[in-house]
Amino acid sequence: MEINNINETEKNFDEDAKSVKDITSLEEVRVKYLGKKGFIADIMSKFREVPQELKKEFGQKVNALKSKIENSIEEIKLNLAKKQIEFEIKNTRMFDYSLPVDTNTGSLNPRTIIQKQVVDIFKNMGFVVEDGNEIETEYNNFESVNVPKNHPARDLQDTFWLSNGELLKTQTSAAQNRILRTYGPVCKVIFPGRVFRNEALDARHENTFFQLEGVVVGENVTVANLIYFEKAMLKALFKKDIEVRLRPGFFPFTEPSYEMDAKCPFCSGKGCHTCGNSGWLELCPCGMIHPNVLKMGGIDPEKYNGFAFGLGFDRLVMIRTNLDDIRYLNSNNLKVMSQFKTRM
Ligand code: DAH
């Protein structure tokens with residue numbers, strides 16, 4: 001009779017299994033048959049009452065049924081999961097790789113782009129790339145580049161002084177002394193950096209801007225070498241030969257000092273909006289390094305000489321892009337920044 005009970009249970013389970021539609025009804029079926037108070041447990045509890053000669057057959061049948069129920073529940077579960085995935089694939093909008101890409105992503109500041117280009121150009125010409133500190137000593141920023149206390153040149157660079165007597169560097173030249181000491185007396189080094197001046201802001205003046213400084217020191221360095229490197233840089237940047245000219249300038253750290261202009265790459269010197277109709281763009285202040293600066297950098301000016309130059313990245317970007325207000329470059333204005341993704 002108990003054996004019949006097992007067969008009956010198996011038939012019932014087969015029926016119940018067929019009617020399972022989802023994971024909830026499957027769980028109900030599982031509890032009904034395999035749960036603590038389920039059919040299998042109930043049948044097992046009757047084991048004691050089974051006559052001795054039938055115990056073996058009974059035990060084997062119950063175990064076989066139990067395994068069958070467990071296996072088919074697992075199988076049903078897998079099938080349900082498969083169906084669920086198929087359903088989701090059919091009903092979810094999958095990512096369509098052929099759709100146009102949303103290009104509204106961030107962009108680099110054009111100044112960062114141009115800095116990378118210029119730095120790469122000098123690197124390719126064998127220059128070492130260094131940087132400088134943003135907080136500097138008065139000695140590095142002024143004295144070591146031949147601007148002693150009370151020198152009128154200090155007035156040209158309104159300074160943010162810190163309460164400990166140090167300052168926010170007003171020029172990348174502040175790193176010259178350290179670089180001469182580290183790399184001199186034969187070296188080719190560029191050092192880009194952020195500089196600060198305590199100035200009123202307008203379309204042409206920022207209190208925070210970016211420069212690149214370069215020094216070349218060796219024996220018999222000449223102004224011709226300086227012109228060569230600047231022209232090579234311009235050619236690589238603008239992809240064509242660009243004429244330059246030197247005008248006399250004044251900087252305490254160079255003697256002689258020059259202002260180097262580049263023939264306007266946009267109108268080739270004819271005069272246009274970018275060059276203010278002059279045909280020339282002020283490009284880089286430069287000169288032969290003053291003997292005092294070499295001396296303070298631990299280099300013998302009798303034996304070695306060199307040139308130094310500065311480049312303003314903000315100005316270069318303004319020239320390249322026709323941007324007419326320097327303040328945009330620090331503004332993080334996405335409408336402005338995102339225009340340069342493809343233009344530079
Ligand atoms: N330090 C100067 C400035 O910020 C720029 C400069 C001029 C750098 C002449 C030089 C140089 O190395 O030779 O105005």
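Whatever order the structure lists them in is the order used to number ligands and atoms, beginning at 1.
In summary, the atoms of ligand 1 found under 4.0 Å from a heavy atom of Gln171, numbered by their order in the structure, are 1 (N), 2 (C), 3 (C), 4 (O). Of all atoms in ligand 1, listed by their number and element, those nearer than 4.0 Å to a heavy atom of Thr254 are 13 (O). Ligand-side atoms of ligand 1 in range of Ala308: 12 (O), 13 (O), range being under 4.0 angstrom from any heavy atom. Set against the non-hydrogen atoms of Gly310, the atoms of ligand 1 under 4.0 Å away are 8 (C), 10 (C), 12 (O). The distance from ligand 1 to the heavy atoms of Gln176 drops below 4.0 Å at these ligand atoms: 12 (O). Near Gln211, the atoms of ligand 1 lying under 4.0 angstrom from a non-hydrogen atom of the residue are 3 (C), 4 (O).
Using a 3.5 Å distance cut-off with no hydrogens or angles, the side chains of Asp22 and Ser25 do pair a donor with an acceptor.
Remark: Asp241 engages Lys235 in a salt bridge (Lys or Arg N to Asp or Glu O under 4.0 Å) (not counting sequence neighbours).
Of all the heavy atoms of Cys286, the ones lying under 4.0 Å from any atom of ligand 1 belong exclusively to the backbone. Only the side chain of Arg197 comes within contact range of ligand 1, with a heavy atom under 4.0 Å; no backbone atom does. Contacts with ligand 1 closer than 4.0 Å are made by no heavy atom of Phe307, backbone or side chain.
Residue Phe251 has no nitrogen or oxygen atom sitting less than 3.5 Å from a nitrogen or oxygen atom of ligand 1, judged on distance alone.
The option from Gln157, Met260, Glu213 that lies nearest to atom 12 (O) of ligand 1, judged by heavy atoms, is Glu213.
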Candidate pair Asn305 and Val217, rule side-chain contact (heavy atoms from CB on, under 4.5 Å), full reasoning
CA-CA 6 Å; Asn305 67 344; Val217 185; over 6 Å; no
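Ion pairing of Asp42 with Lys37 is absent here, as no side-chain N (NZ or NE/NH1/NH2) approaches a carboxylate O to less than 4.0 Å.
For Arg320 and Phe266, the positive end is not near the middle of the six-membered ring at less than 6.0 Å and at most 45° from its axis. The cationic group of Lys55 lies under 6.0 Å from the six-membered ring centre of Phe47 and within 45° of the ring axis, placing it in a cation-pi geometry.
Phe209 belongs to a hydrophobic cluster with Val195, counting contacts under 4.5 Å between side-chain heavy atoms of Ile, Leu, Val, Met, Phe, Trp and Tyr, direct or through other members.
Nearest protein heavy-atom contact of atom 5 (C) of ligand 1 is Pro285 CG, 3.8 Å.
The residue from Lys263, Arg315, Arg247 that alone fulfils the salt bridge (Lys or Arg N to Asp or Glu O under 4.0 Å) condition with Glu282 is Arg247.
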